[in-house]
A.B. asks: 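Take a look at the following structure, please.
No hydrogens, no waters, no symmetry mates; every other heavy atom, side chains included, goes into these values. Just so it is clear, the model here is predicted, and its values are computed rather than measured. Letters go in sequence order (proteins before strands), and every chain restarts at 1.
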Amino acid sequence: MDESSALDHGNDLVNSKMIKRPVKIPGIQTLIGESREDDKAAGGRTDGNEGSFLGTGLFLLIGPTGSGKSVYCRQFMTDALVSGSFCMFLSCRMNNRQFEMLFPQELRQTLAHSTRFINPFSGSGISGLQGGDMSRDNTRLALALDEIKKILSAKPATPIVAGQSNGTQIPTYCLVIDSLTELFLMFDEGAVLKFVTELSLVLQQFEVTTVFTMVVSQRADDKPSNSSSTFSSLPDILSSVVDGTLEMKWEEKTDGEGGKKGSLVRSIRLLSIRGQYHQPKWVPFVITNTGKLIFGDSSSQALNCTMCGKAIKGTPVMDSDFAFDSLQCAETYKKFVGVYGSSISEIGGLPSQVVNVNFFFVDIVGLSNPALSVKKQIEKIEILNRLIGSCEAYAKTKEKKIVLPTGDGMAIGFFSSVESPLILSRQLHSKLRDFNRNRKEGIEPGELDSSSENETEKLGMRIGLGSGPVFIVSDITGNQNIWGPGIILARRVMDVGDNMHILLSGNMAEMLTSLRDEYKTIIKPIGKYQIKHGQTIDIYSAYSSDFGNSNPPAKMLAGLSK
Amino acid sequence: MVGSIVFHSYKGGTGKTTLAVNVSALLARAGYRVVLLDLDVYAPTLHSYFEIEPPKWINDFLFEVAEAKDILTDVTPILSKTAVEGNASHEPNSGKLFVGFSNPSKDEIYKLEGGTREKVQLLRRFISLREEIFSTINADYLIIDTSPGIRYWSLNALAVANVLYLALKAGDVDIAGTKKMAADIYSAFSKFGAKPFLILNRVAGYCVPNTLFQRQPAPDHSGSAAPGSTLSMQPTQNEMTQVSKERSAQIVKNIGINIVAEMPCFCDLMFSEKEFLTVLHDPEHPFSKRIGDLATQSQRLLGEKS
């Protein structure tokens, strides 16, 4: 990767002021693609906007019990969390712990600062609600609505800059209400409809991708139940406030084709979408043993073998999140895992699961100083690269790592050791001191000589360390790339710091101090700091007499903590 | 379909290519459709062995400029000709031997070491080649010759094979290296169905070094040995066999993989200018007998063709 593309690449990934990817509902491209292929094949008209539908907005997901609605919602939230979005989940039948248990272990530490669970009947779900009469108290809905508005209205620590040239803001929130059926059971129908209507206006204003679920019984003729029950007309009423309606169904296999006899085959279709013409078509999907949804079937050939890449005809052989077209491919894949390790992205390109990575994030302080020429800026970046490259913790480690240049610094992800980022930080500080000593005598760490000449010669940096889950994928050039809350957290921690700070996220600090006693003497808590969406993170600082900066960061001192 | 066999080794010079070619030839002569692939992409030799410059190479298939049928050369006529010359049995049968050759050009070899994205595409093409060999070419056996050591394409070949033949000489360096490979690599494959076996190559039992000759008194009428006289007496076959058995047992215990064949050190083959299809050229040679046993074992391990 050349420097210019590396700079763009790094900026695209990790700059918190940059593009945020919209959260799409799972499988939307398959659902849209299926209907459009059929349309074209039948010679039907299309709206000509094949590329314009983002899969964002408000969606109503209907289907009978057991059709997979809750699993769909979980997939939606998992995708959103990994993409860095803030997720809200409203349910009447769960508590917070049960909500956390929906997610894989590697995401659970993200939940604390990236999600909000709301149960209108739980004292812990909404502040101010303390039990009381749990009968149809419609005020609970109003309080729930207020809670959601409060979350969406909280000012972020750094502004979200327009991510597209037309100035459209890309949403970073998602909401799941699972399910509206329970709300209708617990509250007056009118109150629930009012709640949903008012909520939809708020959600549209903040561009929150939303899924509401609702139980609708299944009919053999694929039409929603037409009984005289009030509930039967609710999807039609609700369709006026949502952007699209998804429908799920399940049926039991009566023959051996496409699965074992007696097994359930689940399908989903996009029943309606506002402003877009399409023909709904059922798309089968499977739920893997890890709870992931995979869409597609043999006729659509949407599912490809992870190993050989071929379209899977018939029932896929599932293993973890991966689909194979034969047992032989599945076994071949496992053999490669056995040789290359569970992160099979070693051989590149094959999908990886979420992995926990320990990040070292550094940027050069003062690089954007107008007194600094471009040549000087480049020189400083090269010096930083050279210093890091000469550290043993970087150069001589056999640990798998990934390096992402960011323009004015870099992020390095260490896959195995939680200590590696801190060890690298200390070694880098030692080398930096030697470097700066050669430039100017008598400058204390953390101080910047006021003379512009000296300032341009010295190199200052700040470091943020954090640990968390990320996805490892291959980018368009075939290079490995990472994305997820783990790297975002490390960046946000670094942003709090000043020159010569080595700041750590709370989770990384706790892991290190529980690992060795010596870390307890050099890693100190310095307080909480509010970042975005009302999230607060614990910040620690690593310092001693020969590395780090013992002064609290200016941002925290200035009372920007909220 | 019957299955695939790969010949691999820790070090070079263990005789993989010779073994792979001769086993393939015997299976083809036995009536099977055999495909032999030269996946020693870093130092390909089969094109030299058969003296063939194919129109398309395995590399062309991997880079999607050729189909599977384009890269396989039918060398069955060569087998027939060699068998006739060697007075081997020449009963006509439906057996065939197709060979896929790797391009020895430096540029083509470099291309195979592409970036991660290219490597994945190439790996997937290789897997699809295996599929096509069995489904379209209707091969009974796929035999793969590989590069020694831990190389990307050797591991790919090992991953797709049902039976792994790991050739080694009975020396401590080979044994130590093979033991390491067994722990690091072969175990990962055997865990998911691959069957690994050792082939001990160039073991004792055919020619005996003179250091093993025993000094015997020269017969004279006095019954005592004339000073300085020596008569050679080879160790008995039983003694040699015993030594060999003990050594083999040690190797199996050390590496943890069973031995499927022991190939003695055949000096005439070692020192010949060119070994070429000895199983057909000289079917009575002890080497050919051993290869025959190995081919029979291979059929048993993979299951007979129905």
A.B. asks: So with a 6.0 Å cut-off around CZ of Phe126(B), is the heavy-atom count from everything else above 12?
C.D. replies: yes

A.B. asks: Could you grab the distance from atom NZ of Lys335(A) to atom OH of Tyr186(B), nearest 0.5 Å is fine?
C.D. replies: 13.5 Å

A.B. asks: From Cys308(A) SG over to Leu129(B) CG, what is the distance, rounded to the nearest 0.5 angstrom?
C.D. replies: 12.5 Å

A.B. asks: Hey, which of Ser128(B), Ala188(B), Ala159(B) has the most heavy atom pairs under 4.5 Å with chain A?
C.D. replies: Ala159(B)

A.B. asks: For the SG atom of Cys329(A) and the CZ atom of Arg124(B), what is their distance to the nearest 0.5 Å?
C.D. replies: 9.5 Å

A.B. asks: So, taking the atom named CD in Glu131(B) and the one named CG in Asp325(A), what distance separates them when rounded to the nearest 0.5 Å?
C.D. replies: 6.5 Å

A.B. asks: Does any backbone or side-chain atom of Arg125(B) lie under 4.5 Å from a heavy atom of chain A? Answer side chain, backbone, both or neither.
C.D. replies: neither

A.B. asks: Kindly compute the distance separating OG1 (Thr332(A)) from CZ (Phe189(B)), expressed to the nearest 0.5 Å.
C.D. replies: 9.5 Å

A.B. asks: Within this structure, what is the CG-CZ distance for the pair Leu123(B) and Phe336(A), rounded to the nearest 0.5 Å?
C.D. replies: 4.5 Å

A.B. asks: Should Asn162(B) and Gln328(A) count as side-chain neighbours, where that means a heavy-atom distance under 4.5 Å?
C.D. replies: yes

